[in-house]
**Student:** 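Have a look at the structure that comes next, please.
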Amino acid sequence: MRLDEAEQGEVLTPKREKPRLLVVDDQAVNVRLIYDLFQSEFSVFMATNGEMGLAKSREIMPDIILLDVVMDGLNGYDLCRQLKADETLKHIPVIFITGQFNEEDEVYGFKMGAVDFIHKPINPVITRARVMTHMQHKLQADILRNISMLDGLTNIANRRHFNAEIERMWRNCAREQQTLSLIIIDIDYFKQYNDHYGHLAGDSVLRKVAESVTAAIKRPQDLAARVGGEEFALLLPNTPEENLCAVLERLFTNIRVCDIAHDKSPLGKLSVSAGCSSVIPKNTEDTSTLYKRADTALYRAKQQGKNQYVF
Ligand SMILES: Nc1nc2c(ncn2[C@@H]2O[C@H](COP(=O)(O)OP(=O)(O)OP(=O)(O)O)[C@@H](O)[C@H]2O)c(=O)[nH]1
């Protein structure tokens, strides 16, 4: 595709599996150069002004942004400031492309949160070296962040990720006045299971329950997490209480379909109990209310005979 054929903001190489580079520059010659330099390794996206650069960043979540400083409208510094103020975008490294070297401007750019500068006219060797270095750091940081958010046994989100997400979803639902729902799930008679079948079998059950819990949710914004030894949680933003039954029915069906023998349970099969709570969050309250209510409901489910859910 010739560059002048591309619509503004068009995806130049739309392969999802490659790392993503976004170049924000109003000069086609620079965009062309960047595209030629990186199109074999990265998916290269472009925007020709700051506003479009911000929208494109939110849409494609690039792994690195090359940002022209001088542009009409939102300039490079202002865009960088907005990117760094946005929780979801602030981890993306920004490299400024500048017309001339000016120490004061560079100091200002670094203060805005940039990781590096490239000078025009663009030197392909220097540009390549700098972009590759920062891209490598970014991808390694992503891997570490993902590992630190995952439960090692079940490969689903861990307590730390859950804690961060419940706070984030709480704030979003409070802003939009939408219901945030929480389901806490606990395996029944799991101590007896471990004692009878051994810890390795117990671990295998935890993996199967994690799969059943994850398969109960269908929307990408929902989160399944392992929040304790044999305790799991589902967080469902923008989900009123009346919509939870479908999720719960799927969860209990998934567990039944696993058909795991449990000789020490009165049922003879492995089962779970669940407690649910739903609220439209207020900024004056914190997430502990939601958690406590779900936990109390779970306690009642256990008291009432287990293998059931309670609101
Ligand atoms: N195999 C295995 N067991 C675990 C893990 N984490 C916690 N557990 C076990 O989970 C069990 C939890 O026991 P309890 O809290 O008494 O719960 P329970 O026996 O399921 O009782 P109810 O919830 O009332 O049905 C304990 O035996 C823990 O050792 C783990 O990672 N692997």
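First listed ligand is number 1; within each ligand, the first listed atom is number 1. All values reported here derive from a predicted model rather than from experimental measurement.
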**Student:** Take Tyr197 and Lys264 through the test side chain to side chain contact (heavy atoms under 4.5 Å, CB included) and record every step on the way to the result.
**Tutor:** CA-CA 10 Å; Tyr197 296 97; Lys264 298 294 167 186; 5.7 Å; no

**Student:** Taking atom CG of Leu144 as the centre, does the number of heavy atoms from other residues, nucleotides or ligands within less than 6.0 Å exceed 12?
**Tutor:**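 Enclosed: over 12 neighbouring heavy atoms sit under 6.0 Å from CG of Leu144.
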
**Student:** Measure the acute angle between the ring planes of Phe117 and His119, then classify it against the limits of 30° and 60° as parallel, tilted or perpendicular.
**Tutor:**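 If you compare the ring of Phe117 with that of His119, the planes turn out parallel.
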
**Student:** Would you mind listing which atoms of ligand 1 come within a distance below 4.0 Å of any non-hydrogen atom of Asp188?
**Tutor:**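 Answer, ordered by atom number: 20 (O), 25 (O).
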
**Student:** Who's the nearest protein heavy-atom neighbour of atom 20 (O) of ligand 1, and how far?
**Tutor:**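 Ranking protein heavy atoms by distance from atom 20 (O) of ligand 1, first comes Phe190 N, 2.6 Å.
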
**Student:** Starting from atom 29 (O) of ligand 1, find the nearest protein heavy-atom neighbour and note its residue, name and distance.
**Tutor:**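 Answer for atom 29 (O) of ligand 1: Asn194 ND2, 4.0 Å.
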
**Student:** Identify which one of Leu244, Ile183, Thr179 satisfies the side-chain contact (heavy atoms from CB on, under 4.5 Å) criterion when paired with Thr239.
**Tutor:**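 Of the listed options, the one satisfying the test is Leu244.
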
**Student:** How far does CG of Leu89 sit from CD of Gln82, to the nearest 0.5 angstrom?
**Tutor:**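 Taking CG in Leu89 and CD in Gln82, the distance rounds to 10.0 Å.
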
**Student:** Please list, in number order, the atoms of ligand 1 under 4.0 Å from a heavy atom of Lys306.
**Tutor:**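 Under 4.0 Å from Lys306, ligand 1 has these atoms: 22 (P), 24 (O), 25 (O).
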
**Student:** Residue-level breakdown please: for Val205 versus ligand 1, do any non-hydrogen atoms fall below 4.0 Å on the side chain, on the backbone, on both, or on neither?
**Tutor:**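 No part of Val205 comes within reach of ligand 1.
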
**Student:** Hey, which atoms in ligand 1 end up nearer than 4.0 Å to a heavy atom of Lys302?
**Tutor:**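 Near Lys302, meaning under 4.0 Å from one of its heavy atoms, ligand 1 has 22 (P), 23 (O), 24 (O), 25 (O).
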
**Student:** Between Leu200 and ligand 1, which residue portion shows a heavy-atom distance shorter than 4.0 Å: side chain, backbone, both, or neither?
**Tutor:**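 For Leu200, no heavy atom sits under 4.0 Å from ligand 1.
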
**Student:** Should you measure from each heavy atom of Gly202, which atoms of ligand 1 turn up under 4.0 Å away?
**Tutor:**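 That gives atoms 1 (N) of ligand 1.
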
**Student:** Checking side-chain hydrogen bond (donor to acceptor under 3.5 Å, both in side chains) against Asp151, which of Arg159, Arg226, His161, Arg160 comes through?
**Tutor:**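 Testing each of Arg159, Arg226, His161, Arg160 against Asp151, the sole residue satisfying side-chain hydrogen bond (donor to acceptor under 3.5 Å, both in side chains) is Arg226.
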
**Student:** Measure from NZ or CZ of Lys306 to the centre of the six-membered ring of Tyr189 and say whether it is under 6.0 Å with the direction within 45° of the ring axis.
**Tutor:**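 Judged by the rule (NZ or CZ under 6.0 Å from the ring centre, within 45° of its axis), Lys306 counts as positioned above Tyr189.
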
**Student:** Tell me whether the rings of Phe42 and Phe38 are parallel (<30°), tilted (30 to 60°) or perpendicular (>60°).
**Tutor:**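 Parallel: the ring planes of Phe42 and Phe38 meet at under 30°.
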
**Student:** Using every non-hydrogen atom in the two residues, find where Asn30 and Asp25 come nearest and quote the distance to one decimal.
**Tutor:**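 Looks like ND2-OD2, 3.2 Å.
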
**Student:** If you count the atoms of ligand 1 from 1 in the order shown, which ones are under 4.0 Å from a heavy atom of Gly229?
**Tutor:**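 In order of number, 6 (N), 7 (C).
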
**Student:** Between Lys191, Glu230, His199, which one has a non-hydrogen atom sitting closest to atom 15 (O) of ligand 1?
**Tutor:**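 Considering heavy atoms of Lys191, Glu230, His199, the nearest to atom 15 (O) of ligand 1 sits in Glu230.
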
**Student:** Report, as yes or no, whether the 6.0 Å neighbourhood of atom CD on Glu104 holds more than 12 heavy atoms from other residues, nucleotides or ligands.
**Tutor:**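 No - once you tally the heavy atoms of other residues, nucleotides and ligands closer than 6.0 Å, there are 12 at most.
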
**Student:** Quick one: which ligand 1 atoms are inside 4.0 Å of a heavy atom on Gln192?
**Tutor:**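 In order of numbering, the contacting atoms are 19 (O).
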
**Student:** Give the atom numbers and elements of ligand 1 that come within less than 4.0 Å of a heavy atom of Leu206.
**Tutor:**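 Listed by number with element, the hits are 2 (C), 5 (C), 30 (C), 31 (O), 32 (N).
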
**Student:** Arg226 near ligand 1, heavy-atom distance under 4.0 Å?
**Tutor:**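 Checking ligand 1 against Arg226, which is what was asked, there is a heavy-atom contact under 4.0 Å.
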
**Student:** Can you tell me the protein heavy atom closest to atom 21 (O) of ligand 1 and the distance?
**Tutor:**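 Checked against all protein heavy atoms, atom 21 (O) of ligand 1 sits closest to Tyr189 N, 4.0 Å.
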
**Student:** So if I count the atoms of ligand 1 from 1 in the order they appear, which ones are less than 4.0 Å from some heavy atom of Asp203?
**Tutor:**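 Listed by number with element, the hits are 1 (N), 2 (C), 30 (C), 31 (O), 32 (N).
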
